[in-house]
Protein chains: 2
Amino acid sequence: MSNDNKELVTISDISRLAGVSKSTVSRYLNGGSISKKTTDKIKKIVHETNYSPNSFAQSLKAKKNNLIGTIVPRLDSYSIVQSLAGMDQEFAEKKYELLILNTYQSPERELEALQTFKKQKVAGIVFFATILKDEHIQLLKSLDVPIIILGQEVEDYHNVLYSDYEAGYKIGQYAHQLGHRSITYLGVTEADRSVGHSRKKGVFDALQLFDIHPDYYETTFQTKDAYKLSLKLLPHNESTYIICATDNIALGVLKAARELNIEIPQDISISGFGGYDITDAVTPTITTVKYAYQKAGHVTANSIIRLVNKEEVANVTLIENHVEIKNSTTFLI
Amino acid sequence: MSNDNKELVTISDISRLAGVSKSTVSRYLNGGSISKKTTDKIKKIVHETNYSPNSFAQSLKAKKNNLIGTIVPRLDSYSIVQSLAGMDQEFAEKKYELLILNTYQSPERELEALQTFKKQKVAGIVFFATILKDEHIQLLKSLDVPIIILGQEVEDYHNVLYSDYEAGYKIGQYAHQLGHRSITYLGVTEADRSVGHSRKKGVFDALQLFDIHPDYYETTFQTKDAYKLSLKLLPHNESTYIICATDNIALGVLKAARELNIEIPQDISISGFGGYDITDAVTPTITTVKYAYQKAGHVTANSIIRLVNKEEVANVTLIENHVEIKNSTTFLI
DNA sequence: TATAATAGCGGTACCGGTTCCAAAAAAATC
DNA sequence: GATTTTTTTGGAACCGGTACCGCTATTATA
């Protein structure tokens, strides 16, 4: 396997080989006054030995490091992956590393992850929150690390939030503009404050102004579950517009509709939230509220870096969104 | 922000507070002969101070750590995310941390990532390879870290491979069984040995036995590109079966077909590779060769852990796959 | 040329743990 | 009660870096 020269080379090795002291080598590495002659000597040796400093020793001494811990509930989510990608870009530029811990939506694992990062002494933590309990808040308080919570508002912490209420409000208005008055809302558990609660409230509030009160049904984040529910619901459905709380739910409805020979959007209009790529890949393309996930990632990354460097950061940053009208919605004729 | 007691507590603090020596505390922490009395004393203090050891100091001393570096070309890929999830599960159990570096498919960034991991002195590296150049191999050789390369065969290294050739062969046979003789293969660049080269070769070899020689067109991994290409191709297409090199490509073909009023599978059968969730969410559901991505993750994680512990690991591990017949393919009538 | 200023370098302490070894204390044996 | 054995404890070195401080060598200034 071609790994022979296993012995790791240290700064002492370099100094011995170059015939100078450790501190001189360190100065060479980190910048400081050094004569041309010794510079050349050391440079040669460093190159030959393929030396690279031990980051643990560095971190130990510096009492800080360039690790950012990220806690995500799942990795198979478009929004999360997009946000991660956005963060990753910033971190790559600013020379931070991203440590990702997946909790599989288990609150216990989230607590573990926080503990792990505490031990790891990461410079900062980004928390993709879903459902936050008191236990979480307690643990968060005991950490002495900068934290940004993404996607869920928690008092006393720095938050990056999607404007879910506004998103719901916009799509509610849009549905009304199209002339729909008989509307169904397909949502998820209200325990999820952002997706479950705020989006729904936005929709209902917008429609209430016109005295429209949507039917409400609850499903999960899984396309499959929305599909099954729709197979039951659609045959005796009276609504002309189904507002789905996520694009994946809309996808499930679309599939059920096709199998039931219900034409979208001629018979029913549907829309989602998120702006996932898949909304463009299906027929008809799905109207959605597009969130700037990547941008959220950028903002989050920059904020956590600022916090790490003890700079000021706004307590709440809102990420905008906008309705993307596609082919799954149409005027009520 | 409720962070007051910033001062990190060290093992020396504990020892002072408990009135014992550092080494006694360390022994308490790591298991060793300690009297009941001192155990109780130390336990109390550790609890009160909420002490947790500095992992950099530990790693520095132990000359090893529990970080596994992973280099991925992108994060918005079903297969990669699934494999990551599989790895993650194993690592969580075995107390390793996953450090993910996204290279955005840039070979340069891959080299950087390897350097970074070298500095970080990770215990092991998992490399999601796409296109490996000599430069990569050179750098790989200079690293003194266990490495597993996933998805691409590289001599002298440990590989976890998808049986792409076999997958192609199977779908070739399947298409022939259905009675198709006029077949198109929609592939990607052959520079990608696995997806571009092996899958195609499997298909062509299987069909050659029956003297069938598919048409070949090349597209990218993007659904959009496959869609555009299909819009041009399909109107004067003579094939009865289009074999797509990935599920996303199949998705693009399906969309184009719908818009051109070509019925799938009545007019043309199509199939993909991968077994992505989305193949079930569209209508018709798409026949595909399902890869055990999660399992690949498990296997990879276990192998790298074994390597880290200097245990034996097979040089090449193959991950199986199977044809999942759904509604996008049918007998030639 | 004498003196001051500065550049270049080495010695050493320190970061926060682990581990070896020897000393001290407790328990067991005679 | 003295001696041996075993258990418990503390001291010190070490991991691989960084940084302060002071000494020497060089250059600039008077």
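As the structure is a computational prediction, the values presented were derived from the model and not from experiment. Proteins get letters first, then strands, A, B, ... in listed order; numbering begins at 1 in each.
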Just call it for [X]: base, sugar-phosphate, or nothing, with non-hydrogen atoms closer than 4.0 Å on any strand.
| X | value |
| --- | --- |
| B/Tyr28 | nothing |
| B/Ser59 | nothing |
| B/Ser26 | base |
| A/Ser35 | sugar-phosphate |
| A/Thr10 | sugar-phosphate |
| A/Lys63 | sugar-phosphate |
| A/Ser55 | nothing |

With nearest nucleotides of DNA chain C determined for B/Thr24 and B/Phe56 from heavy-atom distances, which residue corresponds to the more 5′ nucleotide?
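The residue closer to the strand's 5' end, by nearest nucleotide, is B/Phe56.
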Can you see which heavy atom on B/Thr103 is nearest to which on B/Arg109, and at what distance?
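So the minimum-distance heavy-atom pair works out to O-CD, 3.5 Å.
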If you look at every heavy atom in B/Glu153 and B/Leu161, which pair is closest and at what distance?
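So the minimum-distance heavy-atom pair works out to N-CD2, 3.6 Å.
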Distance, rounded to the nearest Å, where [X] contributes [atom1] and [N] contributes [atom2]:
| X | N | atom1 | atom2 | value |
| --- | --- | --- | --- | --- |
| B/Asn65 | D/dC15 | CG | C1' | 14 Å |
| B/Ile11 | C/dC14 | CD1 | C1' | 16 Å |
| B/Lys41 | D/dT8 | NZ | P | 14 Å |
| B/Asn30 | C/dG16 | CG | P | 17 Å |
| A/Lys121 | C/dC15 | NZ | C1' | 12 Å |
| B/Gln58 | C/dC15 | CD | P | 17 Å |
| A/Lys37 | D/dT26 | NZ | C1' | 12 Å |
| B/Asn54 | C/dT18 | CG | P | 10 Å |

Donor on one side chain, acceptor on other, A/Asp88 and B/Tyr104, under 3.5 Å:
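A pair is found: one side chain offers a donor N or O, the other an acceptor, under 3.5 Å apart.
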Would you tell me whether A/Asn66 and A/Lys94 have side-chain atoms, one donor and one acceptor, within less than 3.5 Å of each other?
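No pair is found: no donor N or O on one side chain lies under 3.5 Å from an acceptor on the other.
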Nearest of [options] to any side-chain atom of [X]?
| X | options | value |
| --- | --- | --- |
| B/Thr38 | D/dT9, D/dG16, C/dC9 | D/dT9 |
| B/Lys61 | D/dG17, C/dG10, D/dC14 | D/dC14 |
| A/Ser23 | C/dC9, D/dA19, D/dT9 | D/dA19 |
| A/Leu60 | C/dG8, C/dT19, C/dC15 | C/dC15 |

With a 6.0 Å cut-off on the ring centroids, do B/Tyr293 and B/Tyr162 count as close?
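Distance test on ring centres: under 6.0 Å, yes.
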Quick check on DNA chain D: between B/Lys22 and B/Ile34, whose nearest nucleotide comes earlier from the 5' end?
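So the residue in question is B/Ile34.
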Quick check on DNA chain D: between B/Val20 and A/Pro53, whose nearest nucleotide comes earlier from the 5' end?
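In this pair, the answer is B/Val20.
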Is the shortest distance from a Lys or Arg side-chain nitrogen in B/Asp40 or B/Lys36 to a carboxylate oxygen in the other one below 4.0 Å?
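Looking at B/Asp40 and B/Lys36, the cut-off is met.
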Please determine whether a side-chain nitrogen or oxygen atom of B/Ser21 lies at a distance below 4.0 Å from atom OP1 or OP2 of D/dG11.
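Answer no for this pair, as no side-chain N or O of B/Ser21 is under 4.0 Å from OP1 or OP2.
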